[in-house]
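Encoded as structure tokens, the structure appears first; notes follow it.
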Amino acid sequence: MDRKYIIEGGNFSEAGFASSDVKKLLKKLGLPTNIIKKVAIAMYEAEINVVAHAYRGEMEFKIVPGQIRVTVQDEGPGIPDVELAFTEGFSTASSKVREMGFGAGMGLPNIKRNTDEISLHTEVEKGTKLSFIINFT
Amino acid sequence: MKISEMIEKLNLKILTGDFEDCDVKFGYVSDMLSDVMGHAPSESALITILAHENVIAVAMLRDISIIILANNRMPDKKTIEKSCDENIIIGVTQLSAFETAGILYNNGVSGKYE
């Protein structure tokens with residue numbers, strides 16, 4: 001089962017649409033609550049990262065037996081220091097984004113904590129591709 | 001603590017119409033959405049001063065039962081509508097987040113760090 005979502009940079013009112021939609025789908029499919037929670041957290045943070053930092057992005061969601069696979073590809077500024085971006089508390093979010101309650105420097109750490117596999121490829125001034133897998137039985 | 005008790009003790013004004021008077025066992029206080037996303041317990045009361053629609057998305061994803069807006073923060077119409085669509089109760093109190101959390105805690109609502 002596949003789903004694809006377009007994410008618009010800067011559009012906070014639509015942020016969370018993909019993760020809410022997937023959450024409803026997983027609930028319907030009867031997946032365990034703890035798995036749904038992990039997927040929802042990881043997808044939401046990934047959506048917010050695109051909305052807060054990139055110009056546009058695409059999110060692909062796939063369920064295969066025993067695994068949920070998500071890929072988010074964006075066109076944006078890229079991440080100059082990936083290690084730093086994974087450090088809890090580090091954020092490059094603008095003051096406008098912070099005022100809305102984002103930019104705590106917990107996005108990528110939250111994604112990492114809730115997924116079983118994660119990979120990030122980034123090119124400065126071009127964009128970032130983030131993929132993660134959540135296993136379930 | 002029942003929602004009806006919160007209404008009485010916090011002088012809470014419910015903005016989302018009819019509600020199920022459920023028992024809320026846990027609470028969380030935060031104005032950082034990633035923090036709420038990462039740590040708020042499900043079926044809890046979220047005390048915050050953030051009154052925009054992204055709070056509803058996070059509350060929905062974390063199965064939060066009620067959002068208590070402290071310091072009389074008023075959400076816009078769109079946020080209230082979204083909250084009604086997702087069956088999340090929004091209540092507004094004049095009390096601060098600190099006072100609100102204290103009252104909830106003294107009435108049996110506890111913290112549960114997830």
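Numbered from 1 within each chain, the chains take letters A, B, ... in sequence-line order. Heavy atoms only: backbone and side chains are in, while hydrogens, waters and symmetry mates are out.
- The 12-atom threshold is exceeded at NZ of B:Lys2, counting heavy atoms of other residues, nucleotides or ligands nearer than 6.0 Å.
- Here the straight-line distance linking atom CG of B:Asp31 with atom CD of A:Glu99 works out to 12.5 Å at 0.5 Å rounding.
- Counting heavy-atom neighbours within 6.0 Å of B:Asp21 CG, excluding the residue itself, gives a total above 12.
- When B:Thr48, B:Thr79, B:Asp63, B:Ile49 are compared by the number of non-hydrogen pairs under 4.5 Å with chain A, B:Asp63 comes out ahead.
- No continuous path of ILVMFWY side-chain contacts below 4.5 Å connects A:Val124 to A:Val72, so the two sit in separate hydrophobic clusters.
- For the pair A:Lys23 (side chain) and B:Met60 (backbone), a donor-acceptor distance under 3.5 Å is present.
- Within the 4.5 Å cutoff, no side-chain heavy atoms of B:Met32 are placed close to those of A:Met106.
- In this structure, chain A has heavy atoms under 4.5 Å from both the backbone and the side chain of B:Asn54.
- Annotation for A:Phe17: atom CZ does not count as buried by contact number, only 12 or fewer foreign heavy atoms lying within 6.0 Å.
- Contacts between A:Lys38 and chain B at a heavy-atom distance below 4.5 Å are absent for every atom of the residue.
- Using a 4.5 Å cut-off between side-chain heavy atoms of Ile, Leu, Val, Met, Phe, Trp and Tyr, with links allowed through other members, B:Ile47 and B:Met37 fall into different hydrophobic clusters.
- For A:Met100, the parts lying under 4.5 angstrom from a heavy atom of chain B are both the backbone and the side chain.
- Among A:Pro109, A:Ala40, A:Gly105, A:Gly107, the residue making the largest number of heavy-atom pairs under 4.5 Å with chain B is A:Ala40.
- Both A:Val97 and A:Ile7 belong to a common hydrophobic cluster when Ile, Leu, Val, Met, Phe, Trp and Tyr are linked at side-chain heavy-atom distances under 4.5 angstrom.
- Residue A:Ser13 holds its OG atom at 4.0 Å from NZ of B:Lys78, rounded to the nearest 0.5 Å.
- Listed for the B:Asp35 side chain is no donor-acceptor partner under 3.5 Å among the backbone atoms of A:Ala104.
- Grouping the Ile, Leu, Val, Met, Phe, Trp and Tyr side chains by contacts below 4.5 angstrom, directly or via other members, places B:Val29 apart from B:Phe26.
- Residues A:Phe90 and A:Phe102 are members of separate hydrophobic clusters, defined by side-chain heavy-atom contacts under 4.5 angstrom among Ile, Leu, Val, Met, Phe, Trp and Tyr.
- Interface summary for chain B: among A:Lys24, A:Met43, A:Arg113, the most heavy-atom pairs under 4.5 angstrom belong to A:Lys24.
- Proximity to chain A (any heavy atom under 4.5 Å) is restricted, for B:Leu50, to the side chain, taken from C-beta onward.
- Residues meeting the salt bridge (Lys or Arg N to Asp or Glu O under 4.0 Å) test with A:Glu14, sequence neighbours left out: none.
- Note that OG of B:Ser34 and CD1 of A:Ile111 are 9.0 Å apart. Values are rounded to the nearest 0.5 Å.
- Rounded to the nearest 0.5 Å, atoms CG (A:Asn110) and NE2 (B:His39) are 6.0 Å apart.
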